[in-house]
Amino acid sequence: MSREFRINSFKLFSLFFALFPLLGIYASGIQGVSLGDFCLLITAILIMTQKGILFTIPQIYKPLYLYACYGFLITIVSIGIYSWLDVYSVLYELAGKCLYYILLFLSFHFVRRHFFDYYLLRISDVVVLFFFVQYVGSLLGIHLSGIIPLLPLSNEVDTTFFIQHQLESIRFSSLFCEPSHYAQFLCIPTILLLYQEKKAKLRILMYSISMLLSQSANGFAIVVIIGLYYFIFYLRNIVSLKRRILFIFSFLLVGVCLFIYLNEVIGKVLIRFSEISFEGSPGSINGNSSFIRVLRGYILFDEYDWLHKLLGYGWGSIGCYVKMHPETAYLDVTSSLPTYVNSLQYMLLSTGVLGLIMILFTFYKMYSKNTDTAKNMLLVLFILLFSSDVFGGYLAMITFYIAYTEKTTDRISFKEKCFRVHTC
């Protein structure tokens, strides 16, 4: 009974890990803890009640946990030194970061890859199917939202208000809050399918088309990155010159056909790219949004003295710093979303150049001598660091987990009965 309970607990944890991007949308009722966090924590506690659970930090992730320890330390030290820091808001964010790294650590031990892949691909099929229902419905004048009305959102926005906003939007995000979140989620199963021996070509095509139809700049970038990496991966394995030429021609033909078929949608996305401003006065909503997401954080970093450029002020300090320095050019550019920066800028502002070096070393350790599945995912995640807040979210967590399992030699086969937690 104990063995059966343990394997079922691993299956349940794997299911919640696959559902984490969707469950994380909703609040659990505990401040700062999403429904996804709650489900994973409760399941982990059930597993840890069993005997024989072993914990080690995988070798390739020691730089990542060194970064986590450094972030924790510099935050605590900053609270003791700088009186202008709002202790409550800083500790709130610190607790959120600690929870994130705990869940990431538990995923290495409790998620079973064969179960996770099985659940993720079926969840993805449902998500994509609902996306096309939304898309076709909009053509018929029927607008649908994928947000569950009765559940509170973890972003603390009123659910009814948010659903109304989605119904008035011309872009679609399936069961997610934003089109970019939908695209970030879908890049995971797309890459998993792309490197399988038996490729599900139709599913890959439908996933890719839906990411483009979402009109998300993230979605467009993800499709391009995945496509280009796969092009290089496949091309280097073709020995025959004729087959190489045929593959290049086929690849270009598919790209041209997609561009012609989705010409209007791709055009809208390219317009959003072209409107990015380097001066902070874009003159358009898209340009303003692009400037905030891609460039504005560097203005704040430039104002730091050399010591804090090196060390940072700790997690949760950005909003406090901006409030304490209302004269900053960071706000002169635009006062919209005063605490939002992309992931790369967040690392620089919170943990300085020192913290960023630790993260870059983590990527290097994960990327080197890994499979193309892991490398493609890591490449997508790394590029998105420059424009989106992805590092502390589900995309980074799942990417790190998959990179770990791809690099680990003791992969668990689907039919193998395993009752011991595998460690590196």
Side-chain angles (χ1 to χ4, degrees), residues 57-82 84-87 89-105 107-108 293-322 324-325 328 330 338-368 378-401 403-404:
I57 296 177
Q59 185 67 28
I60 61 171
Y61 284 117
K62 286 184 177 177
L64 179 62
Y65 280 94
L66 180 63
Y67 169 79
C69 293
Y70 171 72
F72 181 87
L73 179 64
I74 194 66
T75 302
I76 296 298
V77 170
S78 294
I79 290 175
I81 295 176
Y82 304 110
W84 47 266
L85 284 174
D86 180 357
V87 176
S89 64
V90 172
L91 289 179
Y92 182 82
E93 188 151 351
L94 179 63
K97 292 297 180 184
C98 291
L99 175 61
Y100 179 81
Y101 286 106
I102 289 171
L103 291 177
L104 178 60
F105 175 76
S107 73
F108 298 142
R293 288 184 289 107
V294 179
L295 299 170
R296 187 178 62 167
Y298 297 116
I299 297 174
L300 203 59
F301 182 72
D302 185 60
E303 295 177 1
Y304 279 16
D305 58 64
W306 70 268
L307 180 63
H308 291 99
K309 283 181 180 177
L310 178 64
L311 302 178
Y313 280 105
W315 294 325
S317 63
I318 297 174
C320 301
Y321 183 91
V322 171
M324 184 65 183
H325 299 82
T328 174
Y330 176 87
T339 61
Y340 182 86
V341 290
N342 62 47
S343 292
L344 187 70
Q345 294 164 357
Y346 184 87
M347 294 173 202
L348 284 171
L349 294 169
S350 301
T351 55
V353 174
L354 185 59
L356 181 60
I357 290 173
M358 296 177 192
I359 294 300
L360 293 177
F361 189 60
T362 300
F363 271 91
Y364 169 75
K365 291 276 286 184
M366 287 188 288
Y367 192 89
S368 62
L378 289 166
L379 183 62
V380 170
L381 176 62
F382 183 76
I383 292 176
L384 290 182
L385 295 180
F386 292 83
S387 64
S388 304
D389 181 19
V390 293
F391 190 74
Y394 59 81
L395 179 60
M397 184 180 288
I398 294 175
T399 298
F400 290 156
Y401 166 73
Y404 163 66

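Remember, it's a predicted structure, so these values are computed and weren't measured experimentally.
We find the CG-CD1 distance between L354 and I357 to be 6.0 Å, quoted to the nearest 0.5 Å. In this structure, M397 CE and T399 OG1 are separated by 11.0 Å, a value rounded to the nearest 0.5 Å. Atoms CZ and CG, on F72 and L94 in that order, are 5.5 Å from each other to the nearest 0.5 Å. Note that CD of E93 is 6.5 Å distant from OG of S350, once rounded to the nearest 0.5 Å. In this structure, the separation between OG on S89 and CD1 on I318 is 11.5 Å, given to the nearest 0.5 Å.
For A68, the side-chain contact (heavy atoms from CB on, under 4.5 Å) criterion is met by Y101, not counting sequence neighbours. The side-chain hydrogen bond (donor to acceptor under 3.5 Å, both in side chains) search around D305 returns H308, not counting sequence neighbours. In this structure, the side-chain contact (heavy atoms from CB on, under 4.5 Å) partners of S78, at least two apart in sequence or on a different chain, are I74, Y82, L85. Residues meeting the side-chain hydrogen bond (donor to acceptor under 3.5 Å, both in side chains) test with S387, sequence neighbours left out: none. With sequence neighbours excluded, the residues that form a side-chain contact (heavy atoms from CB on, under 4.5 Å) with L379 are I225, Y229, I383. The side-chain hydrogen bond (donor to acceptor under 3.5 Å, both in side chains) check on Y364 picks up nothing, with sequence neighbours excluded.
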Evaluate F391 against Y346 for ring pair (Phe, Tyr, Trp, His ring centres under 6.0 Å), listing each step before the verdict. CA-CA 9 Å; F391 190 74; Y346 184 87; 9.0 Å; no

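The closest donor-acceptor contact from the side chain of S343 to the backbone of V390 lies under 3.5 Å. The closest donor-acceptor contact from the side chain of Y92 to the backbone of G316 lies at 3.5 Å or more, if one exists at all. Checked by atom type and distance alone, the side chain of S107 pairs as donor or acceptor with a backbone atom of L104 at under 3.5 Å.
Looking at Y313 and I81, their side chains never come closer than 4.5 Å, going by heavy atoms from C-beta outward. Considering only heavy atoms from C-beta on, Q345 stays 4.5 Å or farther from F301 through its side chain. Side-chain contact between Y321 and Y304: present, with at least one pair of heavy atoms (C-beta onward) separated by less than 4.5 Å. Two residues are said to be in side-chain contact when any heavy atoms from C-beta on lie closer than 4.5 Å; V353 and L348 meet this criterion. Between S317 and L349, the closest side-chain pair of non-hydrogen atoms is not below 4.5 Å.
The two residues M358 and P63 make their nearest non-hydrogen contact at O-CB, 4.0 Å. Taking all atoms of both residues into account, the shortest heavy-atom contact from F400 to L381 is CE2-CD2, 3.9 Å. The heavy-atom pair separating I359 from L64 by the smallest distance is CD1-CD1, 4.0 Å. The two residues L344 and F386 make their nearest non-hydrogen contact at CD2-CE2, 3.3 Å. Scanning both residues, L356 and T351, for their nearest heavy atoms gives N-OG1, 4.4 Å. Across all non-hydrogen atoms, the minimal contact from Y100 to A396 is OH-CB, 3.4 Å.
For F361 and Y67, the distance between ring centers is not under 6.0 angstrom.
For Y394, the OH atom counts as densely surrounded, since its 6.0 Å shell holds more than 12 non-hydrogen atoms of other residues, nucleotides or ligands.
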